[in-house]
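This report refers to the structure that appears directly beneath it.
Quantities reported herein were computed from a predicted structural model and do not represent experimental measurements.
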Amino acid sequence: MVKPAKASASDVAPPARAYHHGNLRQALLEAALVLAQQRGPEGVSVREAARQLGVSPGAPFRHFPNRRALMTAMAEEASARLQIEVRKAIRPRDKTPLARLRALGRGYLRWARAHEAHFRIVSARDQIDLAGSPGLQASMQAVRALTEQTLHEAQAVGEVSAAHDAAALALLSRATVYGLARMQLDGHLPQWGVKPGGEAAATEATLALLINLLAGGEESKKLSTAPARPSGSSKRVQSRHKAQL
């Protein structure tokens with residue numbers, strides 16, 4: 001069972017209040033987010049969101065005919081926010097493609113920590129209708145395309161070896177940050193030697209290691225093709241051999 005999401009200052013929805021008039025759809029989304037924060041994604045239901053708002057049980061179904069529709073709408077909001085956050089994470093000083101790739105990963109990790117409920121909802125693919133949501137597909141594809149484009153650029157300038165497919169490297173990058181975020185939020189990091197309070201630093205250090213490994217691909221290739229330099233012992237052997245001649 002997935003533990004309830006911890007609500008952070010940047011992810012806290014307004015407390016559910018009695019609904020009077022206004023945007024019922026958005027009010028339901030906010031009430032559902034509060035439920036997700038308190039109970040985890042499994043604790044979200046259309047009827048409970050309606051109850052939290054004080055509206056009739058049938059009122060929400062004009063906007064969300066079932067729970068999956070409500071969860072999908074929440075995932076759409078989550079994915080749109082993620083797209084914004086990873087783009088915002090790129091700073092003016094991130095001049096090189098690999099620096100931008102690291103910034104994208106850092107933005108993902110920080111978004112997941114700050115918006116745990118949204119992270120869990122968009123990750124719960126068995127509870128959302130991804131195939132039936134063009135908006136959700138588009139926002140996810142935009143993040144993937146940005147990652148692949150950044151890796152293509154890194155290969156073009158020689159920062160990353162072109163021996164590997166950029167799409168595969170993008171998948172590796174996403175798998176790394178998703179896995180790190182999931183391990184942190186599910187409480188797995190202490191089993192891997194990370195001390196309490198050091199989770200953020202550990203995940204971002206691991207991201208930095210991935211970037212260094214990606215950069216090392218081209219360096220390793222250069223080293224493997226460069227002529228070997230004689231070591232000190234080799235030079236001495238060569239000198240003795242010349243003396244004998």
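We find the OG1-CZ distance between Thr203 and Arg182 to be 15.5 Å, quoted to the nearest 0.5 Å. Interatomic distance, CZ of Arg100 versus CG of Leu146, reported as 9.5 Å (0.5 Å rounding). Expressed to the nearest 0.5 Å, how far CD of Gln149 lies from CG of Leu104 amounts to 10.0 Å. Once rounded to the nearest 0.5 Å, the distance linking CD of Glu48 with CG of Leu70 reads 11.5 Å. In this structure, the separation between CG on Asn23 and CG on Leu29 is 8.5 Å, given to the nearest 0.5 Å. From Phe119, atom CZ reaches atom CZ of Arg81 across 16.0 Å, with rounding to the nearest 0.5 Å.
Not a single donor-acceptor pair under 3.5 Å links the side chain of Asp186 to the backbone N or O of His188. Counting only distance, with no hydrogens or angles, the side chain of Gln52 and the backbone of Ala50 share no donor-acceptor pair below 3.5 Å. The main-chain N or O of Ala131 is found under 3.5 Å from a side-chain atom of Gln137 such that the two form a donor-acceptor pair. Counting only distance, with no hydrogens or angles, the side chain of Arg68 and the backbone of Ile128 share a donor-acceptor pair below 3.5 Å.
No continuous path of ILVMFWY side-chain contacts below 4.5 Å connects Met183 to Leu185, so the two sit in separate hydrophobic clusters. No chain of hydrophobic side-chain contacts below 4.5 Å, direct or via other Ile, Leu, Val, Met, Phe, Trp or Tyr residues, connects Leu171 to Leu210. With hydrophobic clusters built from ILVMFWY side chains whose heavy atoms lie under 4.5 angstrom apart, Leu151 does not share a cluster with Val157. By the rule that hydrophobic residues join a cluster once side-chain heavy atoms approach within less than 4.5 Å of another member, Met74 and Leu35 end up as members of one cluster. Residue Phe64 is grouped with residue Ile121 when hydrophobic side chains (ILVMFWY) are merged at heavy-atom distances under 4.5 angstrom, including chains of intermediate members.
Between Glu204 and Arg113 a salt bridge is recorded (basic side-chain N to carboxylate O distance below 4.0 Å). Using a cut-off of 4.0 Å between Lys/Arg side-chain N and Asp/Glu carboxylate O, Arg120 and Glu116 are scored as salt-bridged.
Nearest heavy-atom pair, Leu28 versus Pro60, reported as atom, atom and distance to 0.1 Å: CD1-CB, 3.5 Å. For the residue pair Ala103 and Asp94, the shortest heavy atom distance occurs at CB-OD2, 3.5 Å. The two atoms that bring Asn66 and Ala69 nearest to each other are OD1-N, 2.8 Å, heavy atoms only. The two residues Val143 and Val86 come nearest to each other via the heavy atoms CG2-CG2, 4.4 Å. Annotation for Arg106 and Ala89: closest pair NH2-O, 4.0 Å, computed over non-hydrogen atoms. Smallest separation of non-hydrogen atoms from Thr150 and Pro97: CG2-O, 3.1 Å.
At a threshold of 4.5 Å between non-hydrogen side-chain atoms, the residues Leu136 and Asp129 do not count as touching. The shortest distance between side-chain heavy atoms of Glu159 and Glu153 does not fall below 4.5 Å. Leu207 has its side chain out of reach of Thr176: every pair of non-hydrogen atoms, C-beta onward, lies at least 4.5 Å apart. The shortest side-chain heavy-atom distance between Arg62 and Leu24 falls under the 4.5 Å cut-off. Side-chain contact between Met71 and Pro41 is present, with at least one heavy-atom pair separated by less than 4.5 Å. Side-chain contact check for Val160 versus Leu98: some heavy-atom pair is nearer than 4.5 Å. Within the 4.5 Å cutoff, no side-chain heavy atoms of Gln83 are placed close to those of Met140. Residues Glu148 and Arg144 have side chains in contact (heavy-atom distance under 4.5 Å, counting atoms from C-beta outward).
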* To do: Dump the intermediate steps for side-chain contact (heavy atoms from CB on, under 4.5 Å) on Ile84 and Trp111, then the final yes or no.
  => CA-CA 10 Å; Ile84 293 169; Trp111 170 80; over 6 Å; no
* **Leu33 and Val44: CA distance, side-chain angles, deciding distance, side-chain contact (heavy atoms from CB on, under 4.5 Å) verdict** => CA-CA 8 Å; Leu33 181 58; Val44 175; over 6 Å; no
* Asked: Stepwise, does the side-chain contact (heavy atoms from CB on, under 4.5 Å) test hold for Glu85 with Arg110?
  -> CA-CA 9 Å; Glu85 291 301 317; Arg110 293 180 181 180; over 6 Å; no
* Asked: Step by step, would you call Leu169 with Thr147 a side-chain contact (heavy atoms from CB on, under 4.5 Å)?
  -> CA-CA 9 Å; Leu169 294 177; Thr147 306; over 6 Å; no
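The environment of NE2 in His164 is sparse: at most 12 heavy-atom neighbours from other residues, nucleotides or ligands sit within 6.0 Å. The local environment of CZ in Arg91 is crowded, with over 12 non-hydrogen atoms from other residues, nucleotides or ligands closer than 6.0 Å.
Between the side chains of Ser139 and Glu76, no donor-acceptor pair is found at a separation under 3.5 Å.
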